[in-house]
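Pasting a structure below so you can have a look.
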Number of protein chains: 2
Amino acid sequence: MVIVGGGFGGLAAARALKNAPVEVTLVDRRNFHLFQPLLYQVATGELSPANIASPLRAILRHQKNARVLLGTVEGADLERRCVKLDDRELPYDSLIVAAGARHSYFGNDQWEQFAPGLKTIEDATLIRHRLLFAFEAAERETDPQKRAAWLTFAIIGGGPTGVELAGALSEIAHHTLKHDFRSINPQDATILLVEAAEHPLAMYSQKLADAACASLEKLNVTIRRKSKVTDINAGGLTVECAGQSEFLAAKTVVWAAGVAASPLGKQLAEQTGATTDRAGRLVVNQDFSLPGHPEVFAIGDLASYTPSGAEHPLPGLAPVALQSGRYVGRLIARRLRDGSPTTGGASGQFEYRDRGSMAVIGRYAAIAKTGFGEFSGITAWLLWVLIHLREITQFRNRLLVLLQWVYAFVARDRSARLITNVLRSESQGE
Amino acid sequence: MVIVGGGFGGLAAARALKNAPVEVTLVDRRNFHLFQPLLYQVATGELSPANIASPLRAILRHQKNARVLLGTVEGADLERRCVKLDDRELPYDSLIVAAGARHSYFGNDQWEQFAPGLKTIEDATLIRHRLLFAFEAAERETDPQKRAAWLTFAIIGGGPTGVELAGALSEIAHHTLKHDFRSINPQDATILLVEAAEHPLAMYSQKLADAACASLEKLNVTIRRKSKVTDINAGGLTVECAGQSEFLAAKTVVWAAGVAASPLGKQLAEQTGATTDRAGRLVVNQDFSLPGHPEVFAIGDLASYTPSGAEHPLPGLAPVALQSGRYVGRLIARRLRDGSPTTGGASGQFEYRDRGSMAVIGRYAAIAKTGFGEFSGITAWLLWVLIHLREITQFRNRLLVLLQWVYAFVARDRSARLITNVLRSESQGE
């Protein structure tokens with residue numbers, strides 16, 4: 001069988017098939033599993049890429065029935081039951097597609113060059129690079145207006161990623177770089193969090209969202225509510241708020257506003273007649289299979305799964321991907337055991353266990369909604385630290401991340417502040 | 001005054017001027033100081049780039065008379081006493097040029113695409129990427145001959161960098177990746193160390209070089225002596241040995257054979273009438289100044305300095321750069337104190353303190369020549385570990401590097417095994 005994608009979903013599925021009598025081939029474009037929830041810390045220079053990435057081969061090293069193949073999946077032929085790679089075809093009996101999502105500009109792809117999103121290691125190093133380069137450019141600039149534009153950072157989208165980026169950026173400006181410059185004061189930086197809705201963090205309760213906003217404002221982050229972005233260019237962005245259009249001069253813009261499923265979703269929809277939602281996610285059956293294809297499954301960010309009786313589909317979060325991957329892996333294992341390759345006998349219903357979600361804002365400041373209740377402030381912050389450390393895949397990385405967090409916390413320093421690929425970005429910078 | 005370059009030389013000069021009554025501007029294309037002696041460990045996935053890089057601003061944070069400017073120096077006008085950046089000019093009263101060296105292909109620049117060198121962070125991640133991708137490509141390849149070419153790694157140049165790369169690559173093939181693949185056995189990899197001279201490590205005594213070669217051979221590195229590279233292409237390299245030409249099929253080739261000084265050297269030579277040596281290094285006066293320009297100094301890898309009475313110029317090593325930088329910094333400080341901006345009164349002769357040099361080959365295997373004698377094996381290896389740890393600039397990095405070394409040693413694992421920028425390299429790979 002074939003699994004496309006080595007994220008939380010694909011990896012959980014592979015692991016759930018550990019003792020099943022089947023050859024598992026996991027295909028990914030990358031040779032590593034990425035712990036995406038900490039990607040913003042790479043973008044803000046607290047961690048190195050390797051700290052949140054674990055080689056897929058190392059993870060599956062001892063699972064003898066699993067092999068990893070580095071390759072780009074271009075599509076699947078569900079009739080002939082094979083996955084098309086760039087240079088070959090892989091036949092399968094069961095297929096799990098866990099190809100995830102990328103950020104989406106809602107039809108304005110030309111914005112990407114000015115406002116990169118944060119989904120991959122390359123995205124993170126590009127953003128890190130732009131954030132740091134902006135301070136360097138401001139130090140060189142003598143015109144006060146241009147300097148102010150270099151010192152203005154706009155983060156579009158008030159979800160967890162946007163909030164976490166804004167908080168970390170404030171820490172950089174107010175503490176990490178405090179004594180580093182001679183012509184500018186990094187504390188003069190303006191950090192804008194641009195949110196189209198009435199409040200950032202709409203997926204949380206009003207109480208938690210308010211606590212988060214209060215923390216952000218204490219960190220000198222300016223929250224622009226009900227502000228819809230209508231244009232982005234090299235000089236800044238245009239927002240529409242209460243019918244009024246306004247241009248905000250900002251040389252550094254980060255996109256944390258929306259995602260769209262992998263194009264594989266659309267391809268599979270065309271072959272199966274499945275519907276896709278607005279974000280391109282495949283509406284799947286109750287066992288994550290596709291209509292008419294009980295041997296093909298879509299999980300994680302590629303799937304739109306509405307539990308029976310629920311009103312809304314499950315959100316695009318790591319735990320959903322992980323649990324759906326594990327469920328489908330076990331389902332396939334059970335089918336193999338029962339000798340029925342396509343239909344599950346006692347398949348059991350998928351039940352999502354919502355252990356809650358959280359976002360960190362700064363030192364001692366976070367929000368968490370859990371099964372035990374809602375928390376903000378230092379309790380949520382400690383919870384966040386513990387849970388994220390526990391979930392990082394490799395023991396070694398856990399140790400390194402802990403050490404770097406402790407150091408960053410005590411010294412208010414971030415050592416992964418490298419501007420690499422300078423030539424490329426200098427031309428991008430201007 | 002202006003210092004061009006934030007390597008060992010430039011940084012040492014800036015620090016030596018700490019208490020001098022002068023404004024120091026340090027210009028670099030990068031925002032970080034790079035600990036080059038450990039760059040090969042980034043290339044082989046043991047360390048992350050941030051572990052061996054320290055932000056220049058952080059290093060000079062508390063030196064109030066120093067400022068850092070991120071910029072590319074395009075030249076200097078010694079008549080008008082100004083340094084030309086890409087977008088402005090910087091006037092100076094004293095100038096220290098410490099722009100270093102890049103690898104050189106001796107007139108065969110077309111080889112660079114097939115055989116990258118190892119001087120920058122980008123070089124290191126590119127090489128890491130190619131090394132790891134080669135194993136991935138071999139796993140995918142079914143043709144035995146092509147697979148063998150993917151599993152053949154050629155390192156050109158038997159200096160310390162080449163030897164260290166070969167040793168680390170052997171560790172990767174024989175231990176790190178041991179259980180990671182299903183179609184290939186990474187231990188089948190062939191590692192070639194191609195040296196034009198009779199022995200690798202010619203700068204060491206015969207005894208030490210022999211010990212190093214024995215260690216390499218124990219690690220299954222094949223040493224090709226007296227082999228001159230005459231061509232490199234996408235499929236491999238052609239070497240000439242004892243009048244015979246031979247093609248070696250190797251999809252991964254690394255260049256560790258030669259360096260050339262920054263083009264700034266040639267520019268300064270034209271303006272001052274200074275001579276340059278074969279590698280483009282400026283032949284400097286006994287105080288590192290240029291002929292007719294007592295206010296302009298060249299240090300580090302950009303300078304060819306022959307101590308009075310010596311036969312050969314000093315080698316291009318970190319300690320030479322560091323000591324020459326410190327010497328020139330102190331010289332300028334003394335001139336400022338004495339009120340004479342161009343001529344030093346009691347300037348004192350530069351004396352290079354040769355504390356020795358070393359190269360590490362593998363576990364417990366290294367060679368070291370020091371003031372106390374020559375060492376090989378475990379003694380040299382321990383010495384290498386201690387000295388390199390001590391010299392890393394930031395305390396935090398020292399801790400992180402130590403932790404990662406201990407982990408890599410005990411678990412024989414390397415976690416920074418990321419193949420990033422996949423699309424670019426896949427096209428490069430084939």
Side-chain angles (χ1 to χ4, degrees), chain A residues 29-32 45 47-51 53-55 57-58 60-62 64 66-72 85-88 120-122 125 132-133 136-137 139-140 176-183 394-397 399-400 403-404 407-408 411 413 415-423 426, chain B residues 29-32 45 47-51 53-55 57-58 60-62 64 66-72 85-88 120-122 125 132-133 136-137 139-140 176-183 394-397 399-400 403-404 407-408 411 413 415-423 426:
Chain A
R29 273 184 300 183
R30 306 307 173 110
N31 71 330
F32 52 84
L47 296 177
S48 280
N51 300 142
S54 309
R57 294 192 186 281
L60 294 174
R61 177 179 292 168
H62 297 297
K64 290 296 172 204
R67 50 180 290 158
V68 175
L69 204 63
L70 194 68
T72 304
L85 296 196
D86 33 356
D87 65 342
R88 70 175 71 184
T120 66
I121 286 282
E122 288 82 1
T125 48
L132 295 171
F133 184 76
E136 299 288 342
E139 172 88 351
R140 286 175 61 152
T176 314
L177 300 181
K178 204 173 177 181
H179 303 289
D180 279 13
F181 293 88
R182 302 291 180 257
S183 306
Q394 284 181 321
F395 169 74
R396 165 178 145 138
N397 279 340
L399 208 66
L400 286 173
L403 193 71
Q404 290 183 83
Y407 179 85
D413 192 14
S415 85
R417 302 210 300 272
L418 315 187
I419 305 183
T420 45
N421 296 317
V422 174
L423 293 178
E426 277 192 310
Chain B
R29 274 185 300 183
R30 306 308 173 109
N31 72 330
F32 52 84
L47 296 177
S48 281
N51 300 143
S54 310
R57 294 192 185 284
L60 294 174
R61 178 180 292 167
H62 298 297
K64 290 297 172 203
R67 49 181 291 157
V68 175
L69 204 62
L70 195 66
T72 305
L85 297 194
D86 34 356
D87 65 343
R88 71 175 69 182
T120 67
I121 286 283
E122 288 82 2
T125 50
L132 296 171
F133 184 77
E136 299 289 341
E139 173 87 351
R140 287 175 59 154
T176 314
L177 300 180
K178 202 172 178 182
H179 303 288
D180 280 13
F181 293 87
R182 302 291 180 255
S183 307
Q394 284 182 320
F395 168 74
R396 162 178 148 138
N397 279 341
L399 209 65
L400 288 173
L403 194 71
Q404 292 183 83
Y407 179 86
D413 192 14
S415 85
R417 302 211 299 273
L418 315 187
I419 305 184
T420 45
N421 297 315
V422 175
L423 294 178
E426 277 193 311

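So that the names make sense, note that chain A is the first sequence line, chain B the second, and so on, each numbered from 1.
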Return the option, out of A/R57, A/K178, A/H179, with the maximum number of heavy-atom pairs under 4.5 Å with chain B. A/R57

Show your reasoning for whether side-chain hydrogen bond (donor to acceptor under 3.5 Å, both in side chains) applies to A/N31 and B/E136. CA-CA 9 Å; A/N31 71 330; B/E136 299 289 341; 4.7 Å; no

For the CG atom of A/L70 and the CG atom of B/L132, what is their distance to the nearest 0.5 Å? 10.0 Å

Please list, chain by chain and in numerical order, all residues satisfying salt bridge (charged side-chain N to carboxylate O under 4.0 Å, His left out) with A/R61, sequence neighbours excluded. B/D180

With chain A, which of B/T125, B/V68, B/D87 has the greatest number of heavy-atom pairs at distances under 4.5 Å?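 Ranked by contacts with chain A, first place is B/D87.
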
When heavy-atom pairs shorter than 4.5 Å are enumerated against chain A, which of B/R88, B/K64, B/H62 gives the highest number? B/R88

Can any side-chain N or O of A/E139 pair as donor or acceptor with the backbone N or O of B/L69 at less than 3.5 Å? no

Which region of A/L47, side chain (C-beta onward) or backbone (N, CA, C, O), has a non-hydrogen atom less than 4.5 Å from a non-hydrogen atom of chain B, or is it both or neither? neither

Side chain from CB out, backbone as N, CA, C, O: work out which of these in B/R67 comes under 4.5 Å of a heavy atom of chain A, or both, or neither. both

Part of B/T176 within contact of chain A (heavy atom distance under 4.5 Å): backbone

Tell me, side chain or backbone of B/L177 under 4.5 Å from chain A's heavy atoms, or both, or neither? neither

B/R417 side chain reached by A/F32 side chain, heavy atoms, under 4.5 Å: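 They are not in side-chain contact.
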
With chain A, which of B/P55, B/S183, B/G45 has the greatest number of heavy-atom pairs at distances under 4.5 Å? B/P55

Hey, is the main chain of A/T120 close enough, under 3.5 Å, to the side chain of A/R30 for a donor-acceptor pair? no

